[in-house]
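As a basis for the values below, the full set of heavy atoms in this structure was taken, side chains included, without hydrogen atoms, waters or symmetry mates. To find a chain, count down the sequence lines: A is the first, B the second, and so on, and within it residues start at 1.
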Amino acid sequence: MAFEKVKRSDNYSEWYNNLVKDADLAEHAAVKGCMIIKPYGYAIWEKMQQQLDKMFKETGHSNAYFPLLIPKSFFEKEEKNAAGFAKECAVVTHYRLKVDENRKIIVDPEAKLEEELIIRPTSEAIIWNTYRSWIQSYRDLPILLNQWANVMRWEMRTRLFLRTSEFLWQEGHTAHATSEEALIETKQMLDIYAEFAETFLGVPVVKGVKTPNETFAGAIETYCIEGLMQDGKALQMGTSHFLGQNFAKAFDVKFQTKEGKLEYVWATSWGVSTRLMGALIMAHSDDEGLVLPPNLAPHQIVIVPIYRTDEEKENVETAAKEIKKKLEANNISVKLDNRDTHKPGFKFAEWELKGVPLRIGIGPRDIQNGTVELARRDTKEKSITSIDGIENTAKVLLNDIQTSIFNRAKVFRDNNIREVNTWEEFQKVLEEKAGFISAHWDGTDITEEKIKQLTKATIRCIPINNPQEEGKCILTGNPSKQRVLFAKAY
RNA sequence: CGGGGUGUAGCGUAGCCCGGUAUCGCGUCUGCUUUGGGAGCAGAAGGUCGUAGGUUCAAAUCCUGCCACCCCGACCA
């Protein structure tokens, strides 16, 4: 129950699981590893979608939709991509059921597909197979598409929002005439993700490049944004891939240049998923529940009326409705909680659990004085403020909440990036403090793998614009030219 | 997929070792009183004990398979 909550300090992962359920965000479905996103959780996702979609369109992208099912043969064409996802693909083998002698529904053995279909784990294959027929000339380029879709990756161990077998995401797939242009696109989308994460989610991120080991299957380079959660673990929040000509070659997508030469097309792909819900929850929430940044909260303000008699109720509700109207006229989303079935104290606790940034309490006393009680979720501060000009007070407060949530997360993140120079220190910091560790690495897969085996820490990324600095690898002592960011990750 | 644990009313649980038809709290429903931080009293409803088999006169309890969830590994957005 909400009353006997597990605290973050007791058991972070239990706290997370409880919060997802108690705040009405999502629950486990009847199907293994899949989730039901509940209306309140989905409303937050919709807010994310709206904003991202806007940002994609502002940078010239359009939405399209490609099918859920991919013929196995398409999938095979880009070998690395296929190998990378092979272990987690669901496969469709039949197209019909029938009722057998025992009145049981069975798969009709007569209805076996000639070629199996893969439920997409990602859509590069089907999209690049399509691009082949769309692209002949440099005049057909660039193609800047995005799709909002579900994908399926048959994960061994799942956690609501962070890793589910089926998840919702957007995947951008662009095609370009030159390598330079594709790289610019890759970095542009990374910047958009970073901006979105910081301004809307209020989660500070490190922009970086993945090591070859961690690069997306089929990509030349994978750029990423990495966030730090309150328990000191890192979370990959978005990736943007420079795919080079890998998919163009695999699917034979060529175009004629101005000079009349035939060349392979250059590609990017980029995505963020419902995992961002997990980031949002883990970065800001506290032992009382969710803490939502105003920019993504389904209700930015909740008004709780307080009354005893019917007469008081009428007066209070009339005033509350006027306030609601005033706020909405200023583009603030407001929920008036006029349920008769619950007392104010209950509502206070419930909306705190659901993370509404600002609460207005209004009762008979306030009506007399022309005031309301304002309570902010992030700091729990309460103040009495005049109804007159409430829209401006609220605007200022909402802005302040948005920035202070971000600042708090940023201070935490910055305090949890530690430069480390010896292997002993590395292990000690990982064990006692977690967070990001900035350390030298000799640049080899073997060392990276070894460190992972020994400590569970992985190289999250090589930060963009990383200062070059001579040093010695934390594990091997071999020469290194720069520090990279290590962390235990989700 | 390997190791450990759990599954009993919407939620959390007792009972299981030692077999005899299920305990308590929260929630739900009805009524009255309440309403500025999770209301009080009175009454009531709600269970094929995860699931499929087996042992037994009798299974929540013992045995086996399966499923789901949690923790720790391997894999991963």
Considering only the [atom1] atoms, how many Å lie between [N] and [M], rounded to the nearest integer?
{"N": "B:C24", "M": "B:C67", "atom1": "C1'", "answer": "29 Å"}
{"N": "B:A68", "M": "B:A74", "atom1": "P", "answer": "22 Å"}
{"N": "B:G46", "M": "B:G53", "atom1": "C1'", "answer": "29 Å"}
{"N": "B:C26", "M": "B:G40", "atom1": "P", "answer": "9 Å"}
{"N": "B:U61", "M": "B:G15", "atom1": "P", "answer": "15 Å"}
{"N": "B:C49", "M": "B:C16", "atom1": "C1'", "answer": "11 Å"}
{"N": "B:C57", "M": "B:G5", "atom1": "P", "answer": "32 Å"}
{"N": "B:G27", "M": "B:C69", "atom1": "P", "answer": "29 Å"}

Between [atom2] on [N] and [atom1] on [X], what's the gap in Å once rounded to a whole number?
{"X": "A:Lys21", "N": "B:C26", "atom1": "NZ", "atom2": "P", "result": "23 Å"}
{"X": "A:Arg159", "N": "B:A77", "atom1": "CZ", "atom2": "P", "result": "17 Å"}
{"X": "A:Asn213", "N": "B:A74", "atom1": "CG", "atom2": "P", "result": "14 Å"}
{"X": "A:Gln453", "N": "B:C75", "atom1": "CD", "atom2": "P", "result": "8 Å"}
{"X": "A:Met48", "N": "B:A77", "atom1": "CE", "atom2": "C1'", "result": "14 Å"}

**Prompt:** Is atom CZ of A:Arg308 surrounded by more than 12 heavy atoms (other residues, nucleotides or ligands) closer than 6.0 Å?
**Reply:** no
May I ask you to check if [X] and [Y] form a cation-pi contact, with NZ or CZ under 6.0 angstrom from the six-membered ring centre and within 45° of the axis?
{"X": "A:Arg153", "Y": "A:Trp169", "result": "yes"}
{"X": "A:Lys354", "Y": "A:Tyr40", "result": "yes"}
{"X": "A:Arg159", "Y": "A:Tyr490", "result": "no"}

Between [options], which nucleotide has the shortest distance from any of its atoms to the side chain of [X]?
{"X": "A:Pro364", "options": "B:A77, B:G37, B:G36", "value": "B:G36"}
{"X": "A:Glu350", "options": "B:C69, B:C71, B:G38", "value": "B:G38"}
{"X": "A:Glu155", "options": "B:A77, B:C70, B:G36", "value": "B:A77"}
{"X": "A:Glu88", "options": "B:A77, B:U35, B:C75", "value": "B:C75"}
{"X": "A:Arg359", "options": "B:A77, B:C70, B:G37", "value": "B:G37"}
{"X": "A:Asn17", "options": "B:G36, B:C70, B:G37", "value": "B:C70"}
{"X": "A:Pro344", "options": "B:U35, B:A77, B:C71", "value": "B:U35"}

**Passing option when A:Thr458 is tested against A:Glu449, A:Lys488, A:Glu214 for side-chain contact (heavy atoms from CB on, under 4.5 Å)** = A:Glu214
If only side-chain N and O atoms count, and only distance matters, is there a donor-acceptor pair under 3.5 Å linking [Y] with [X]?
{"X": "A:Glu195", "Y": "A:Tyr193", "result": "no"}
{"X": "A:Asp378", "Y": "A:Ser404", "result": "yes"}
{"X": "A:Lys210", "Y": "A:Gln236", "result": "yes"}

Name the nucleic acid region contacted by [X], choosing base, sugar-phosphate or nothing; use a 4.0 angstrom heavy-atom cut-off, strictly under.
{"X": "A:Ser273", "answer": "base"}
{"X": "A:Leu162", "answer": "base"}
{"X": "A:Gly33", "answer": "sugar-phosphate"}

**Message:** Below the 4.0 Å mark, does B:C70 have OP1 or OP2 next to a side-chain nitrogen or oxygen of A:His28?
**Reply:** yes
**Prompt:** Any side-chain N or O of A:Lys347 under 4.0 Å from OP1/OP2 of B:A39?
**Reply:** no
**Request:** Decide yes or no, distance alone: a donor-acceptor N/O pair under 3.5 angstrom between the base of B:G40 and the side-chain of A:Lys343.
**Result:** no
**Request:** Classify the side chain of A:Glu352 versus the base of B:G37 as yes if they form a donor-acceptor pair under 3.5 Å and no if they do not.
**Result:** yes
**Asked** Considering all heavy atoms of both residues, which atom of A:Lys347 and which atom of A:Asn338 are nearest to each other, and what is their separation?
**Response** NZ-C, 4.0 Å
**Item:** RNA chain B-proximal residues of residues 305-313 of chain A, any heavy atom under 4.0 Å
**Value:** A:Ile306, A:Tyr307, A:Arg308
Under a 3.5 Å limit for both distances, which nucleotide forms a Watson-Crick or G-U wobble pair with [N], could you say?
{"N": "B:G65", "result": "B:U51"}
{"N": "B:G46", "result": "none"}
{"N": "B:A39", "result": "B:U33"}
{"N": "B:C24", "result": "B:G12"}

**Request:** On RNA chain B, check which nucleotide each of A:Ala375 and A:Thr274 is closest to and give me the residue with the more 5' one.
**Result:** A:Ala375
**Item:** Test: A:Asp286 and A:Lys380 ion pair at under 4.0 Å
**Value:** yes
